[in-house]
Amino acid sequence: MAKNGAGWRNNQQTAAGITGGHIMMRSPVMFEKQMADVLLAFPELVKLQRSKSPAFLQSVMDWIDQAEQLLQQNRHVKVAELAGLKSRILSPERAADFRGSLRKAQQEAAAGTLYELQRCLQHVHDELVVKSGPAREVVGQILAMVADSGVIRHSSSGTAQQLVEEIWQLVSNHEQLKPMVVGLKGKLAQQDIQMLMIEEVRLEEFME
């Protein structure tokens with residue numbers, strides 16, 4: 001599960017680069033990216049469960065803890081549902097004739113709860129994707145208009161972030177594009193808009 005944590009840190013470093021080292025709390029775009037990272041780690045849990053790996057239970061609990069922290073940071077009510085599922089694993093119901101250990105019962109409970117855990121977090125991610133959709137569409141329109149104008153060119157040695165920063169300076173002061181930027185700012189912070197630009201920009205359209 002360490003890879004998942006590394007992915008979160010990489011995303012945070014991207015945001016830090018955009019805003020000069022300042023990471024704004026409760027960024028919806030960052031939240032969406034982090035939730036995607038959490039879900040991308042899910043198939044590994046399934047593999048551990050199928051192979052009956054002794055690391056399965058702890059991996060599931062670590063994964064839940066990471067997701068729970070993320071939901072708490074963003075004050076999302078699904079954290080309550082996640083906590084309930086976690087409790088079901090920690091204190092599993094056992095039949096009167098159950099003769100295994102508590103750990104074995106927890107492993108079985110974790111395996112039986114996987115689908116509900118995935119569904120809970122998938123709902124959060126899909127909700128965020130729907131909310132960011134209109135902004136992504138506007139960002140795409142802005143990038144296409146700038147690319148078609150040929151005003152900004154990008155060299156192969158440059159980064160997407162450098163290109164976006166240059167585009168941002170242009171569109172923030174452009175008579176025709178500025179209203180679109182103002183509209184985006186009414187919904188998202190500048191760092192989120194620029195993060196969407198980094199995700200949506202097609203470098204080949206700006207190549208020299």
Side-chain angles (χ1 to χ4, degrees), residues 4-40 66-79 120-208:
N4 187 40
W8 289 13
R9 287 192 294 275
N10 289 339
N11 286 339
Q12 290 178 333
Q13 288 168 358
T14 299
I18 291 174
T19 59
H22 176 64
I23 299 176
M24 292 184 66
M25 298 300 292
R26 297 176 63 184
S27 157
V29 176
M30 179 65 75
F31 188 20
E32 180 185 328
K33 289 169 68 67
Q34 291 173 323
M35 286 306 305
D37 286 339
V38 170
L39 289 167
L40 287 171
Q66 290 175 329
E68 190 173 39
Q69 181 180 17
L70 181 56
L71 293 173
Q72 286 177 333
Q73 288 174 346
N74 289 275
R75 298 182 61 81
H76 198 289
V77 296
K78 276 288 183 178
V79 70
C120 172
L121 299 180
Q122 187 71 54
H123 175 84
V124 176
H125 177 262
D126 291 349
E127 179 184 78
L128 292 167
V129 169
V130 170
K131 288 182 178 179
S132 69
R136 286 182 185 278
E137 184 175 346
V138 174
V139 164
Q141 293 172 359
I142 291 174
L143 292 173
M145 293 172 70
V146 175
D148 290 343
S149 72
V151 174
I152 294 179
R153 308 314 310 172
H154 179 67
S155 66
S156 57
S157 61
T159 65
Q161 181 175 314
Q162 291 172 333
L163 174 60
V164 164
E165 288 174 350
E166 191 173 354
I167 292 173
W168 181 258
Q169 290 299 319
L170 171 66
V171 301
S172 295
N173 298 287
H174 192 279
E175 184 176 346
Q176 291 180 311
L177 298 178
K178 190 173 181 179
M180 298 175 73
V181 174
V182 171
L184 286 173
K185 284 185 174 181
K187 300 175 181 178
L188 296 171
Q190 178 177 323
Q191 72 158 6
D192 283 340
I193 300 171
Q194 289 182 301
M195 286 174 64
L196 287 179
M197 286 183 168
I198 288 176
E199 291 181 11
E200 299 296 322
V201 69
R202 297 179 180 177
L203 299 181
E204 65 274 12
E205 295 182 352
F206 292 86
M207 286 297 182
E208 295 178 339

Subject >> Pairing of R136 and E32 as salt bridge, 4.0 angstrom limit >> reply: yes
Subject >> Minimum-distance pair of heavy atoms, taken over all atoms of W168 and I193 >> reply: CZ3-CG2, 3.5 Å
Original post:
Nearest 0.5 Å, what's the CD-CD distance between E68 and Q73?
Top reply: 11.5 Å
Original post:
Between Q162 (side chain) and T159 (backbone), is there a donor-acceptor pair under 3.5 Å?
Top reply: yes
Original post:
Can you tell me if S172 uses its side chain to pair, donor with acceptor, with the backbone of Q169 under 3.5 Å?
Top reply: no
Original post:
Out of curiosity, K185 NZ to Q190 CD, how far, rounded to the nearest 0.5 Å?
Top reply: 5.5 Å
Original post:
Where is the tightest heavy-atom contact between L188 and D192, given as atom of each residue plus distance?
Top reply: CB-CB, 4.0 Å
Original post:
Should we say atom CZ of R153 is surrounded by more than 12 heavy atoms from elsewhere, each under 6.0 Å from it?
Top reply: yes
**OP:** Could you walk me through whether F31 and L71 pass the side-chain contact (heavy atoms from CB on, under 4.5 Å) test, one step at a time?
**Re:** CA-CA 9 Å; F31 188 20; L71 293 173; 3.8 Å; yes
Subject >> Sole residue of M35, M30, H76 in side chain to side chain contact (heavy atoms under 4.5 Å, CB included) with L70 >> reply: M35
Original post:
What distance do L203 atom CG and H154 atom NE2 have between them, rounded to the nearest 0.5 Å?
Top reply: 4.5 Å
Subject >> Shortest non-hydrogen contact from A135 toward L196 >> reply: CB-CD1, 4.0 Å
Original post:
Roughly how far, to the nearest 0.5 Å, is the CG atom of D126 from the NE2 atom of H123?
Top reply: 8.5 Å
Subject >> Cationic N near anionic O, under 4.0 Å, E199 to K33 >> reply: yes
Subject >> Note, K131 side chain near P28 side chain (heavy atom, < 4.5 Å) >> reply: no
Subject >> Pairwise distance CD(Q194) to CD(Q161) - rounded to 0.5 angstrom >> reply: 8.5 Å
**OP:** Answer yes or no: are there more than 12 heavy-atom neighbours, outside E204 itself, under 6.0 Å from its atom CD?
**Re:** yes
Original post:
Is there side-chain contact between L143 and V164, with at least one heavy-atom pair below 4.5 Å?
Top reply: no
Subject >> Closest non-hydrogen atom pair, V171 against L177 >> reply: CG1-CD1, 3.6 Å
**OP:** Enter the distance from L184:CG to M197:CE here, rounded to the nearest 0.5 Å.
**Re:** 7.0 Å
Subject >> Derivation of the side-chain contact (heavy atoms from CB on, under 4.5 Å) call for L121 and H125 >> reply: CA-CA 6 Å; L121 299 180; H125 177 262; over 6 Å; no
Original post:
Would you say E137 has more than 12 foreign heavy atoms packed within less than 6.0 Å of its CD?
Top reply: no
